[in-house]
Amino acid sequence: MRRRSLILAAVPAGLVTVAGCGDGTSGSSKASASPSPSVSAPPPPKIVEGPLPAITAGTKFGEKPTVAKGPGEPSKNLAAKTVIAGSGRPIAENEFVRADYLGQIWDTGKVFDNSYDKKRPLLLQLSQGQVIDGWRYALAGKKVGSRVEIAVPPTWGYGKSGEPRAGIKGTDTLVFVIDLIDAFNSKSSVKGKPVAQTDAALPKVATNTDGNVPKVTVPKTDPPKKLVSTYVLEGDGPELRADQAVLCQFQGLVWDSGKTFQRTYGSGRLAQFSLEQMQQAVKGLAQGLTGKKVGSRVLIVVPPELGYGDTPPSGGVVKKGATLVFTVDILAAL
């Protein structure tokens, strides 16, 4: 797994994270290299427009920026400015954001982290405990497609302890340039191209993209004996690798009864899980997602030996030897 960004707050890792999104509920993520947030969060900052250092090169959205050292003393408040105005929707707190960014120290201009060189934007949740507070407060309300520059005092960054692994002292103000590529909340759906569903032996899945649960019609026939993974809506993003995690909407049903045993659609939440860890829970789900394109809706039919087998979760609708049916909207990968 790649090293997680330094801007993320450290929280326990989990097999499947169902994170609140746009409903005032915070979720969890995988552990990162940064310090845990303080027990008592600082009060909300006053947000001002400057001062902020100049962006001297890489001035277009998506280009790696070059940023000058801070001009004099930084503000004691959180400085934030929209450098390039996007045309997307405003981002709300608790939503997931996909962004490119560069971070450097105000006084020295030393770059301590950036995503542009890795060519892999960061995916994070703008909620307390998931990201440094400077990002959480500065990006709420900004529009997708915008470039935002912010200067974060220690109070809303790493506090008095700093982040020694990145050379950040407890007195350092941090400067970030952030390109807001996309945002996801509990009403998000993929927007892929519909793929003809011509196999009468497989469930039919609705192609609505309004964030509501897509209807699944399971045929009154015996389920397939082998794993099935097929597109309902095909996106144009990169293919998921087995070592990645996924942010998604999903639902799981039992083939024989058609009953739903878990879903995020309509719940006010999104799911986030590692494919490697999912191999330990529902192997067929992990295998069915591997190689599928981000931005797609996928139908996955999991035979018992790749699902829960003879040890289903207790007290639920999934029984021993059940074939499982999943639909997954692959919103993003990380």
Side-chain angles (χ1 to χ4, degrees), residues 16 18 184 186-237 239-240 242 246-267 269-273 275 278-279 281-313 315-333:
V16 181
V18 182
F184 308 99
S186 61
K187 296 182 179 179
S188 294
S189 289
V190 297
K191 308 294 182 183
K193 180 180 179 181
V195 175
Q197 301 179 63
T198 57
D199 191 339
L202 293 179
K204 297 296 185 290
V205 183
T207 57
N208 56 293
T209 59
D210 54 4
N212 291 320
V213 56
K215 182 180 179 181
V216 178
T217 304
V218 181
K220 303 295 185 182
T221 58
D222 290 336
K225 300 297 183 183
K226 295 183 179 181
L227 178 70
V228 173
S229 178
T230 185
Y231 287 115
V232 176
L233 299 170
E234 185 172 359
D236 58 3
E239 294 180 354
L240 282 175
V246 62
L247 178 71
C248 64
Q249 295 265 30
F250 84 100
Q251 63 180 323
L253 306 92
V254 179
W255 180 287
D256 287 343
S257 66
K259 291 182 178 179
T260 300
F261 61 88
Q262 193 172 13
R263 76 182 186 195
T264 60
Y265 301 99
S267 71
R269 296 171 179 270
L270 295 176
Q272 184 180 7
F273 55 83
L275 296 185
M278 183 54 71
Q279 283 274 1
V282 182
K283 185 176 293 186
L285 180 56
Q287 293 179 0
L289 287 173
T290 301
K292 290 296 186 284
K293 297 176 184 177
V294 173
S296 301
R297 177 171 297 163
V298 183
L299 166 69
I300 302 172
V301 181
V302 179
E305 63 272 18
L306 295 178
Y308 292 116
D310 291 332
T311 56
V317 299
V318 182
K319 306 303 180 184
K320 290 182 179 181
T323 294
L324 307 177
V325 178
F326 292 94
T327 71
V328 185
D329 277 23
I330 308 171
L331 300 174

Practice problem: To the nearest 0.5 Å, tell me how far Lys191 NZ sits from Leu331 CG. | Solution: 10.0 Å
Quiz prompt | Side-chain touch Pro304/Thr323, heavy atoms, less than 4.5 angstrom | solution = yes
Practice problem: Supply the atom-to-atom distance Lys204 NZ to Thr198 OG1, rounded to the nearest 0.5 angstrom. | Solution: 7.5 Å
Practice problem: First locate atom NZ of Lys225, then atom CD of Glu305, and finally report the distance between them rounded to the nearest 0.5 Å. | Solution: 9.0 Å
Quiz item: If you round to the nearest 0.5 Å, how far is OG of Ser188 from CG of Asp210?
Solution: 11.5 Å
Quiz item: Looking only at atom types and distance, does a side-chain atom of Arg297 sit under 3.5 Å from a main-chain N or O of Ala206, one as donor and one as acceptor?
Solution: yes
Quiz item: Between the side chain of Arg263 and the main-chain N/O of Leu253, is any donor-acceptor distance below 3.5 Å?
Solution: no
Quiz item: Counting distance only, does the side-chain N/O of Ser267 pair as donor-acceptor with the main-chain N or O of Arg269 below 3.5 Å?
Solution: yes
Quiz item: Can you tell me if Trp255 uses its side chain to pair, donor with acceptor, with the backbone of Asp222 under 3.5 Å?
Solution: no
Practice problem: Quick one: closest heavy-atom pair of Leu247 and Gln272, and the distance? | Solution: CD1-CB, 4.3 Å
Quiz item: Do any N or O atoms from the side chain of Tyr231 and from the backbone of Lys293 form a donor-acceptor pair under 3.5 angstrom?
Solution: yes
Practice problem: Examine distances only and state if a side-chain atom of Glu239 and a backbone atom of Thr290 form a donor-acceptor pair shorter than 3.5 Å. | Solution: no
Quiz prompt | Sidechain-backbone polar pair: Lys319 side chain, Gly316 backbone, donor-acceptor under 3.5 Å | solution = yes
Quiz item: Considering the options Asp329, Asn208, Asn212, which one meets the side-chain hydrogen bond (donor to acceptor under 3.5 Å, both in side chains) requirement together with Tyr265?
Solution: Asp329
Practice problem: Only one of Thr217, Val232, Leu299 passes side chain to side chain contact (heavy atoms under 4.5 Å, CB included) with Pro203; say which it is. | Solution: Leu299
Exercise. Kindly write out the residues that satisfy side-chain hydrogen bond (donor to acceptor under 3.5 Å, both in side chains) with Asp310, not counting sequence neighbours, or none if the list is empty.
Key: none
Quiz item: Between CD1 of Ile330 and CD of Gln249, what distance do you get to the nearest 0.5 Å?
Solution: 12.5 Å
Quiz item: Is a donor on one side and an acceptor on the other found under 3.5 Å between the side chain of Ser189 and the backbone of Gly211?
Solution: yes
Self-check item: Leu289 vs Leu275, side-chain contact (heavy atoms from CB on, under 4.5 Å): CA-CA, chis, key distance, verdict
Solution: CA-CA 8 Å; Leu289 287 173; Leu275 296 185; 4.0 Å; yes
